[in-house]
Amino acid sequence: MIVAGLGLRSNCDMHDIIALLHAAQARAGRQADLVAVPAFRYREAGLQAAMAHLGLRLRAVTPAELLAAQPRCVTHSARARATVGVASVAEGCALAAAGAHSELIVPRMTGTHATCAMAQGDDA
């Protein structure tokens, strides 16, 4: 399974999310099977619209899952640590949703109002 993890600001536009996902998928040379976001962003209107437009499944990552994935993340953001309490939101979401033995295939990419990373799970 290929999981795209997203970190996004409140009220992020669906077009920004779609463009960033397309860029990450192009870099990976693979399509995402699932998109994972922190649970506190799951209901964002732009995110929901982007997922409906792309036809992708969306998974909420709990704070505990996000925290547990941090040791496997390769990039760190002081801003994310200050605002969310973890240093890598996108990578953490991708790794958490892809499984305990997943690996990053695209480290964090930064878009206008969002970040994206991609991980490959054990079954891919």
Side-chain angles (χ1 to χ4, degrees):
M1 174 185 353
I2 304 296
V3 178
L6 290 175
L8 52 140
R9 292 185 185 167
S10 181
N11 300 314
C12 187
D13 181 76
M14 79 175 255
H15 299 291
D16 292 339
I17 294 167
I18 291 169
L20 186 56
L21 278 169
H22 284 160
Q25 290 177 137
R27 185 173 290 174
R30 305 276 306 268
Q31 298 296 307
D33 300 304
L34 175 73
V35 174
V37 296
F40 65 89
R41 291 285 189 231
Y42 185 83
R43 299 263 180 237
E44 287 286 328
L47 175 65
Q48 291 293 326
M51 296 304 99
H53 177 78
L54 296 170
L56 286 169
R57 293 180 300 136
L58 184 62
R59 181 186 182 285
V61 174
T62 68
E65 290 173 316
L66 189 55
L67 186 60
Q70 294 303 296
R72 297 188 293 138
C73 296
V74 297
T75 64
H76 305 326
S77 163
R79 179 180 178 166
R81 181 168 300 286
T83 58
V84 181
V86 296
S88 187
V89 176
E91 290 179 1
C93 284
L95 290 164
H101 301 290
S102 59
E103 296 181 359
L104 283 175
I105 57 173
V106 176
R108 180 185 70 203
M109 295 175 60
T110 303
T112 306
H113 298 289
T115 58
C116 183
M118 293 182 68
Q120 180 172 317
D122 300 330
D123 62 350

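Side-chain atoms are counted along with the backbone in the values below, which use heavy atoms only and exclude waters and symmetry mates.
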Pair up each side-chain donor or acceptor in residues 5-29 with any protein partner under 3.5 Å, not counting sequence neighbours, and list the distances.
| residue | atom | partner | partner atom | Å |
| --- | --- | --- | --- | --- |
| D13 | OD2 | H15 | N | 2.8 |
| Q25 | OE1 | A32 | N | 2.8 |
| Q25 | NE2 | Q31 | OE1 | 3.4 |

Over all atoms of both residues, closest heavy-atom pair of A98 and A119: CB-CB, 4.0 Å
Go through the steps to decide whether L58 and Y42 satisfy the test side-chain contact (heavy atoms from CB on, under 4.5 Å), and finish with yes or no. CA-CA 8 Å; L58 184 62; Y42 185 83; 3.5 Å; yes
Contacts satisfying side-chain hydrogen bond (donor to acceptor under 3.5 Å, both in side chains) that involve residues 45-54 (not counting sequence neighbours) are none
According to the salt bridge (charged side-chain N to carboxylate O under 4.0 Å, His left out) rule, which pairs have a member within residues 78-88, sequence neighbours left out? none
Check the hydrophobic clustering (I, L, V, M, F, W, Y; side-chain heavy atoms under 4.5 Å; chains of links allowed) and say if M109 and I2 are grouped together. yes
Please, which pairs that meet salt bridge (charged side-chain N to carboxylate O under 4.0 Å, His left out) have at least one residue in residues 36-45, sequence neighbours excluded? R41-E44
Which donor-acceptor pairs under 3.5 Å do side chains of residues 61-75 form with protein atoms, sequence neighbours excluded?
| residue | atom | partner | partner atom | Å |
| --- | --- | --- | --- | --- |
| T62 | OG1 | E65 | N | 3.1 |
| T62 | OG1 | E65 | OE1 | 3.3 |
| E65 | OE1 | R59 | NH1 | 3.4 |
| E65 | OE1 | T62 | N | 2.9 |
| E65 | OE2 | R59 | NH2 | 2.7 |
| Q70 | OE1 | A87 | N | 3.3 |
| Q70 | OE1 | S88 | N | 3.0 |
| Q70 | NE2 | L66 | O | 3.0 |
| Q70 | NE2 | S88 | O | 2.9 |
| R72 | NH1 | A100 | O | 3.3 |
| R72 | NH1 | S102 | O | 2.9 |
| R72 | NH1 | S102 | OG | 3.2 |
| R72 | NH2 | L95 | O | 3.4 |
| R72 | NH2 | G99 | O | 3.3 |
| T75 | OG1 | E91 | OE1 | 3.4 |
| T75 | OG1 | E91 | OE2 | 2.8 |

Minimal non-hydrogen separation, L34 against M1, with atom names: CD2-SD, 3.8 Å
